[in-house]
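Predicted, not measured: the structure shown is a model, and the values here were computed from it. So you know, we letter chains A, B, ... as the sequences are listed, proteins then strands, and number each from 1.
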Amino acid sequence: MEEVDVEPSTTLIPSAGFHRKHLGFEWGPGDLLVYETNYKLQGPRSAGSPFVHIVRRDEDICSPILRKLFNESHLIFVGLQKIKEDIPSKNKKSQFVSISKNYRSVIRACMEELQQNVSILLAIELIWNLCEVLFIDTAPAGSLLLHLLDWVRLHKSDVDARAREVLQSDSPAQHQSYWDVVRNTKKKLKSHHMTPLTLELVTFIKHCHYTYCRTQTLTEFEVKWRHWHEECDRCLQENTFASNRHLETICKILVGDEDTLLEQKELLSTWYHFLVTRLLFTHPTIKPPDLHYYAQSSMNMFLGPRASPEPLDIILLSAFEFDLHQVIKDCSIALNNWWFVAHLTDLLDHCKLLQSHNLHFGSNLREFLVLEYASGLFTHHSLWQLAVDYFDHCPEFGRVYLELQIERVPLDTERKAIKVLRICEDRQMSEQVRSICKIMAKRALRNNRLGSALSWSIRAKDAAFATLISERFLQDYSNKGSFTDLDLLDNLGPAMLLSDRLTFLGKYREFHRLYGEKRFSEAARLLLSLMTAKIAPRSLWMTLLTDALPLLEQKEVIFSVDQTYELMSCLEDCFSSVFQDEDIESTKTELLRLALARNLTMAIVKEGTIET
Amino acid sequence: MDPIAKYISQKISKTRWRPISPALLQQPEVFATGSWDNENNSVSIWSVGEHGVSNTDGEFDEEPQLLCASQHDGDVMDLQFLDQDRLVSASSSGAVMIFKLQPDCQALSLAHVWERAHRYSCDNTPCTAVVCRSPELVSVGEDGRVTLYKADQTEVVRVIENADSSTIHAVTFLRTTEVLTVNSIGQLKMWDFRQQSDSPAQILSLTGDRVPLHCVDKHPNQQHIVATGGQDGMLCIWDVRQGNTPFSLIEAHSAEMWEVHFHPSNPSHLFTCSEDGSLLHWETTSGSDMSTLLQIPVAAQPDTVCQQPRCA
């Protein structure tokens, strides 16, 4: 088994395990069931807690504002999957960058709405942004630093506020924040009263070329920058600004003196801010592979020897080291929801940045994470519909997961069942269709809604269930003596052909109707065909023959000779096979035989008579 | 005009414009939504555009704003405005509820509940649809009952027990005393409340497969013309006086059609929405044939469509 990287956190379950009883547990798709067992290590037996506790790791999924995050990111995810493979990679890269920005703007929108408890979202956005800069946008040396500057600036919201504040302050010497030095000094200092020394400093800053622009090549820029840096250094050595402490500090910052920078700790507030500052003033043309060295040392310098880095710091450090897998792994452990890692990994996978090594317990990393996320979604009473699309885009195991999960969606109303069925039918999951329809039909049957039950059987094309329903109808008929739900039986239509028993039921009802309308010969023919075509179940032949009795005893001859012979043979069949032990039937049989014999005579006479 | 989309943290099953008095020549601005599939469902009132103020080009380009909401027990299966201030909802718990809206739309409160309007002997069953013609309401449910209420009376006026052996999905008024229901074995049944018996005055169905019908709407001006939509996405226009065949059959959608509506003031226009994700707008050119079609694709599956008369 693998080593555990972090100490597992303890969750206290109230009212469980008080009397030192052992706890049992069972994994569910999104949560854990915990219960008290009877086993106790020591001490007398005592009654335990009768409760089963559901322990859920992820509470975010229930937050109404975060729901918007899930919904909007779902849309972005589906859009990402649809990007065609054959576009040239340059266009793809810009598309991926814009998708990454979409994700981030969704996170930011949620943060604005949440207002409290945003620290996790802030951290997520920070990490995502860094990953976008380093991995997706893959900025080369030169523009890398510019991107990192933007990154830090975006996440240090008070920079602009401070800049404004300084703009309004009277004394330019007060401003210590190096951002002000970078951007606003030029504008600001023009409007303030300046000492000659400040003027000189301003001149320096004006000559600062450390804004890399694409028109220059890297080497050109490097040369210019080096020249400027030497000038700055020279100024410092010559103690040009010795009279004014503030200006000297600014100059030291410009030179990139680490100790001076470290003195501004409260302004910098984070080690990565410090890192970018450092790079800005010492190595503006930093190349991506060299980043990690500075990152590690910056972190050590900033945090000091005693402070231990937080999970966020470690994740960022791994990102600077370009160790994607470590980033993903640490994020998975630190966060309680798979949302972030699933979407980020999916995007990185599309950028072809993840090596496709197979995991022991699933397919590749991307699919594993997306499946985990989607499974978590499925446990939500409402978000399960989103999860379907995620499963659709997991080529190896998605379908299996969906098949297992979709059957377990609770079906309170028919409308919800219809939506679930449509999902299954669209994906040709016929097993699940049958199973769900059967559940609905069984429920309907239990509540005596025979029409509903039939409509579910028709949808599933479930002949067996249709037979069951017909049996139920026939049972009702023999109990009550009449048919229930005539509106259904009279209007079965082609659905009748779904099962033999159903066909019989429909035709039998038709027989009764014809009899009621006094269309005797048609009724007779129908009745006979029911028996001879063997649609009628044997158990009901006696009933059918008894139904024939009133027809036989009509004044007018209805059954022809041939028909009578057939009836007789049916009777004999019936008598010989099934109802030998029925005493009650014997009188009926006698009656029938008599009636049949009489009918036969009359029929022979009628058919033998020549009309003149 | 492009559709405006706004994410709210619940799935919406029904949406209805609030009726405005015909004297005011205004576009409707307030609409109600009902949610489903939540642990706590709610009925909410929203407004589009400022009250009484529209933008310079007369278009509403703002997102809808939530005005007020009320808890709703169970999924909202259907929603109808009884009049300007009262909203009726059909719940999956089997209850029919009337909500009262304050005149300034600041609060929505439950005015009356008919609990267990639809039920089995030991269970609740969803009420699937409700229709209003003030002051009367008719509700139908999965239990196959048709129930008639009067808005101000606590007691139910009339119940037709066992009206149907299958689920009744939708209902509409044909005349003041007649309603038409559609069920899950593809039948249209007409009920006349003046008659004492509990059997339908007329039954219509398509010859052919018994496809469940999910929605029905009556032509605003002609009482015998109705449109129905069902599980297979077919749009059928029927003349209920004339027997068993619809005079128009269109393969409108590739999945269940959830709602169909005639435009209230311009009945040659029809709107349908479906599980396949589209909302379609149909137009009759002459008499009975439907020819042109304008497709408005929507991102998710729309469950509901509603329109109000636009003033010329």
Check your understanding: Judged by modelled atom types alone, do B/Ser166 and A/Ser455 share a side-chain donor-acceptor pair under 3.5 Å?
Key -> no
Practice item. State, to 0.1 Å, how close A/Arg415 and B/Thr128 come at their nearest heavy-atom pair, and which atoms those are. Key: NH2-O, 3.5 Å
**Study point:** Toward chain B, the part of A/Trp384 with a non-hydrogen atom under 4.5 Å
**Key:** side chain
Review point. Which atoms of A/Leu492 come close to chain B, meaning under 4.5 Å heavy atom to heavy atom: side chain ones, backbone ones, both, or neither?
Key: backbone
**Study point:** Candidate pair A/Leu75 and B/Tyr7, rule side-chain contact (heavy atoms from CB on, under 4.5 Å), full reasoning
**Key:** CA-CA 11 Å; A/Leu75 199 62; B/Tyr7 280 96; 3.2 Å; yes
Study note, to complete from the structure: Under 4.5 Å to a heavy atom of chain A? For B/Gln231 that would be both
Atom [atom1] of [X] and atom [atom2] of [Y]: how far apart are they, to the nearest 0.5 Å?
{"X": "A/Asn71", "Y": "B/Ser9", "atom1": "CG", "atom2": "OG", "result": "8.0 Å"}
{"X": "B/Ile8", "Y": "A/Ile65", "atom1": "CD1", "atom2": "CD1", "result": "13.5 Å"}
{"X": "B/Trp36", "Y": "A/Lys419", "atom1": "CH2", "atom2": "NZ", "result": "5.0 Å"}
{"X": "B/Asp37", "Y": "A/His380", "atom1": "CG", "atom2": "NE2", "result": "9.5 Å"}
{"X": "B/Gln187", "Y": "A/Leu488", "atom1": "CD", "atom2": "CG", "result": "7.0 Å"}
{"X": "A/Asn448", "Y": "B/Ser121", "atom1": "CG", "atom2": "OG", "result": "8.5 Å"}

Decide if atom [atom1] of [X] counts as having more than 12 heavy atoms of other residues, nucleotides or ligands within a radius under 6.0 Å.
{"X": "A/Ile120", "atom1": "CD1", "answer": "no"}
{"X": "B/Glu39", "atom1": "CD", "answer": "no"}
{"X": "A/Ile54", "atom1": "CD1", "answer": "no"}
{"X": "A/Asp500", "atom1": "CG", "answer": "no"}
{"X": "B/Lys6", "atom1": "NZ", "answer": "yes"}
{"X": "B/Glu251", "atom1": "CD", "answer": "no"}
{"X": "A/Lys507", "atom1": "NZ", "answer": "no"}

Review point. Salt bridge check: are A/Lys416 and B/Glu275 linked by an N-O gap of less than 4.0 Å?
Key: no
Check your understanding: Is there a side-chain contact between A/Thr413 and B/Glu142 (heavy atoms, below 4.5 Å)?
Key -> yes
Review point. Is any side-chain heavy atom of B/Thr167 less than 4.5 Å from a side-chain heavy atom of A/Trp456?
Key: no
Check your understanding: Can you list the steps and then say if A/Ile418 with B/His214 is a side-chain contact (heavy atoms from CB on, under 4.5 Å)?
Key -> CA-CA 11 Å; A/Ile418 290 169; B/His214 288 298; 3.2 Å; yes
Point to revise | Between B/Ala255, B/Ser92, B/Gly74, the one whose heavy-atom pairs under 4.5 Å with chain A are most numerous | key: B/Ala255
Revision key, fill the gap. Among B/Asn162, B/Ile203, B/Asp143, the residue with the most heavy-atom pairs under 4.5 Å to chain A is B/Asp143
Exercise for review: Begin from the C-alpha positions of B/Tyr120 and A/Arg449 and carry the test side-chain contact (heavy atoms from CB on, under 4.5 Å) through to its verdict.
Suggested key: CA-CA 10 Å; B/Tyr120 295 135; A/Arg449 313 290 310 143; 3.5 Å; yes
Exercise for review: In sequence, state the C-alpha distance, the side-chain angles, and the governing distance for A/Arg67 and B/Asn38, and then conclude on side-chain hydrogen bond (donor to acceptor under 3.5 Å, both in side chains).
Suggested key: CA-CA 12 Å; A/Arg67 255 179 95 154; B/Asn38 266 345; 2.8 Å; yes
Check your understanding: Taking A/Asn447, A/Leu450, A/Asp485 one by one, which has the highest count of heavy-atom pairs under 4.5 Å against chain B?
Key -> A/Asn447
Review point. With respect to chain B, which residue among A/Arg422, A/Glu425, A/Arg459, A/Lys68 yields the maximal number of heavy-atom pairs within a distance under 4.5 Å?
Key: A/Arg422
